[in-house]
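These notes concern the structure reproduced below.
Whatever order the structure lists them in is the order used to number ligands and atoms, beginning at 1.
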Amino acid sequence: MNVHTSQSAPRSSTKKALLLVASSTLSPNPVHTSYIKWSSNRTPLTETTSPELGGLLVWFISFTCSIMIVIVDLLLMLIDLTYSIISAIIQTFLRPRLKCIDGELCLITGAGGALGRLFALEFAKEGAHLVLWDCNTAANERTAELARELGVKVHAYTVDLSKRHSIYQAADLVRAEVGEVSILVNNAGVVAGRRLLDCPDELLERTLLVNCHALFWMTKAFLPQMKAKNCGHIVTVASALGLFSTACVEDYCASKYGAVGFHESLTHELLAENLDGIKTTLVCPYIVDTGMFAGCEIRKEIQTLIPPLEPLYTVQQSMKAILGEQQMICIPRLMYIPFLTRALLPWDANVATYRFMGGDKCMLPFIKNVELKTSNGLIKSS
Ligand SMILES: NC(=O)C1=CN([C@@H]2O[C@H](COP(=O)(O)OP(=O)(O)OC[C@H]3O[C@@H](n4cnc5c(N)ncnc54)[C@H](OP(=O)(O)O)[C@@H]3O)[C@@H](O)[C@H]2O)C=CC1
Ligand SMILES: CC1=C(/C=C/C(C)=C/C=C/C(C)=C/C=O)C(C)(C)CCC1
């Protein structure tokens with residue numbers, strides 16, 4: 001990202017300079033009056049040549065200039081593009097330089113959950129002070145206790161991320177009681193775990209509110225302070241199911257595709273505003289063994305090749321990406337393949353690979369699991 005920004009600055013200034021020359025001296029566009037000024041100090045073209053010929057000459061020079069600008073811009077873009085690809089390849093094999101976050105204030109949502117707790121402990125190990133948000137007070141407090149044992153300051157808040165006012169209220173409280181958040185980890189997530197037609201509307205809505213809408217409110221609450229200092233980091237924990245989809249998790253896929261789109265648009269906005277001190281990282285893991293998708297499985301033989309991820313491994317890989325200021329990470333890297341084939345192959349070809357790998361019905365045992373737990377009263381029906 002850094003590389004891109006530093007490369008694009010000279011490119012745009014070259015373009016601006018060339019454009020200025022072209023428009024101020026040569027442009028036949030009546031809006032650009034500078035050509036008239038230029039010609040009034042010299043012998044006007046129209047005095048020595050016929051008006052038609054003069055106009056044609058001006059048009060020709062202006063056209064040639066525009067073409068030259070496009071060619072120069074294209075070459076500069078190709079240099080940018082090649083540089084980005086080469087540096088991405090090099091970074092894949094080399095250990096990236098990790099930033100120091102000692103003493104920074106990091107807010108983690110869903111901190112009472114499996115990945116949220118591990119994120120909290122990893123950030124604490126790096127010396128970051130923590131603000132932990134979760135709707136599950138007991139689980140959140142437990143994470144806070146564990147993190148305090150690592151010697152950092154921890155503040156735990158009970159927040160319902162499905163409610164906008166709950167987010168804004170808690171954000172005001174954090175600013176007043178703790179200070180300015182410089183790292184935001186949007187980790188909390190839910191899934192309905194029911195077939196669309198069997199699922200209460202509120203449960204479907206909740207997935208969108210927690211996994212997607214909350215990202216708007218969290219960013220609106222904490223980005224202004226980051227912008228004021230041009231410094232900060234926003235992490236979006238999305239999912240591989242935000243890059244490609246499967247059956248029977250419509251709510252989850254819609255929310256995670258939304259999260260991916262949100263992250264990308266926000267990243268473009270920060271770059272467009274030259275706020276390159278604010279970093280963003282998108283985390284897209286495959287199934288993680290946390291219980292959230294208990295039962296979800298693909299074809300046995302393929303499952304041995306791509307087993308569910310260990311929660312600690314998932315968080316450690318994510319931390320490397322965050323501290324290395326990487327813009328996106330798929331865990332494992334193999335997940336880039338279905339992401340690419342989704343876009344490149346015809347729909348039916350994707351369906352065939354899904355069927356072969358058991359990706360088409362992988363959620364059915366998970367949904368059965370949720371049904372069983374619901375009927376046994378282990379989880380609430382809505
Ligand atoms: N597990 C997996 O296979 C994968 C998970 N992910 C993503 O990783 C993230 C973490 O997942 P994981 O740790 O497995 O999930 P968990 O269910 O273990 O943790 C999620 C946490 O978020 C809390 N939470 C749920 N709803 C709200 C709410 N409205 N307000 C505040 N907190 C809430 C949960 O509380 P409570 O326990 O009370 O519900 C829980 O503590 C999620 O975004 C998930 O989508 C991505 C890829 C794979
Ligand atoms: C669809 C599909 C696959 C299975 C993906 C699965 C099972 C993803 C589960 C992700 C989860 C649970 C994410 C949670 O956030 C394969 C076999 C990789 C490749 C073929 C297409």
Aromatic rings Phe339 and Tyr336: how do their planes relate, parallel, tilted or perpendicular, breaks at 30° and 60°?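 Taking Tyr336 first and then Phe339, their aromatic rings sit tilted (interplane angle of 30° to 60°).
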Which of the ligand 1 atoms, numbered from 1, are nearer than 4.0 Å to a heavy atom of [X]:
X      : result
Val210 : 29 (N)
Gly189 : 20 (C), 42 (C), 43 (O)
Asp160 : 28 (C), 29 (N), 30 (N)
Phe293 : 2 (C), 3 (O)
Val190 : 25 (C), 26 (N)

Protein contact to [atom] [nearest heavy atom, distance to 0.1 Å]:
atom                    : answer
atom 21 (C) of ligand 2 : Tyr354 CE1, 3.3 Å
atom 9 (C) of ligand 2  : Ile287 CG1, 3.5 Å
atom 19 (C) of ligand 2 : Met357 SD, 3.8 Å
atom 13 (C) of ligand 2 : Ser239 OG, 3.2 Å

Could you tell me whether some N/O pair between Gly110 and ligand 1 is separated by less than 3.5 angstrom?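 Min N/O separation from ligand 1 is not below 3.5 Å for Gly110.
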Is there a polar contact between ligand 1 and Pro285, counting only N or O atoms under 3.5 Å apart?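 It does not: no N or O of Pro285 is found under 3.5 Å from an N or O of ligand 1.
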Are Lys163 and Asp160 ion-paired here, with the side-chain N under 4.0 Å from a carboxylate O? yes
Where on [X] is there a heavy atom closer than 4.0 Å to ligand 1, on the side chain, on the backbone, on both, or on neither?
X      : value
Cys296 : neither
Arg206 : neither
Thr290 : side chain

Any non-hydrogen protein atom below 4.0 Å of atom 16 (C) of ligand 2?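 No.
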Within a distance of under 4.0 Å, is there any protein heavy atom near atom 39 (O) of ligand 1? no
With sequence neighbours excluded, residues passing salt bridge (charged side-chain N to carboxylate O under 4.0 Å, His left out) with Lys125: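 By the salt bridge (charged side-chain N to carboxylate O under 4.0 Å, His left out) rule, Lys125 matches Glu122.
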Separation between CD1 of Ile298 and CG of Asp360, rounded to the nearest 0.5 Å: 11.0 Å
Could you tell me if the ring centre of Tyr257 sits under 6.0 Å from that of Phe262?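 Tyr257 vs Phe262: aromatic centres not under 6.0 Å.
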Using a strict cut-off of 4.0 Å, indicate which atoms of ligand 2 neighbour a heavy atom of Phe293.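 That gives atoms 12 (C), 14 (C), 15 (O) of ligand 2.
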Under 4.0 Å from any heavy atom of Tyr252, which atoms of ligand 2 are there?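 Near Tyr252, the atoms of ligand 2 are 14 (C), 15 (O).
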Is the contact between Cys362 and ligand 2 made by the side chain, the backbone, both, or neither, using heavy atoms and a 4.0 Å cut-off? side chain
Proximal candidate to atom 34 (C) of ligand 1 [heavy atom criterion; set Val315, Asp134, Asn136]: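 Nearest heavy atom to atom 34 (C) of ligand 1 lies in Asp134.
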Return a table of donor-acceptor pairs under 3.5 angstrom between the side chains of residues 96-114 and protein atoms on other chains or two or more places apart.
from, atom 1, to, atom 2, distance (Å)
Lys99, NZ, His233, ND1, 2.7
Lys99, NZ, Glu325, OE2, 3.4
Glu104, OE1, Ser182, OG, 2.7
Thr109, OG1, Asn187, N, 2.8
Thr109, OG1, Ala188, N, 2.9

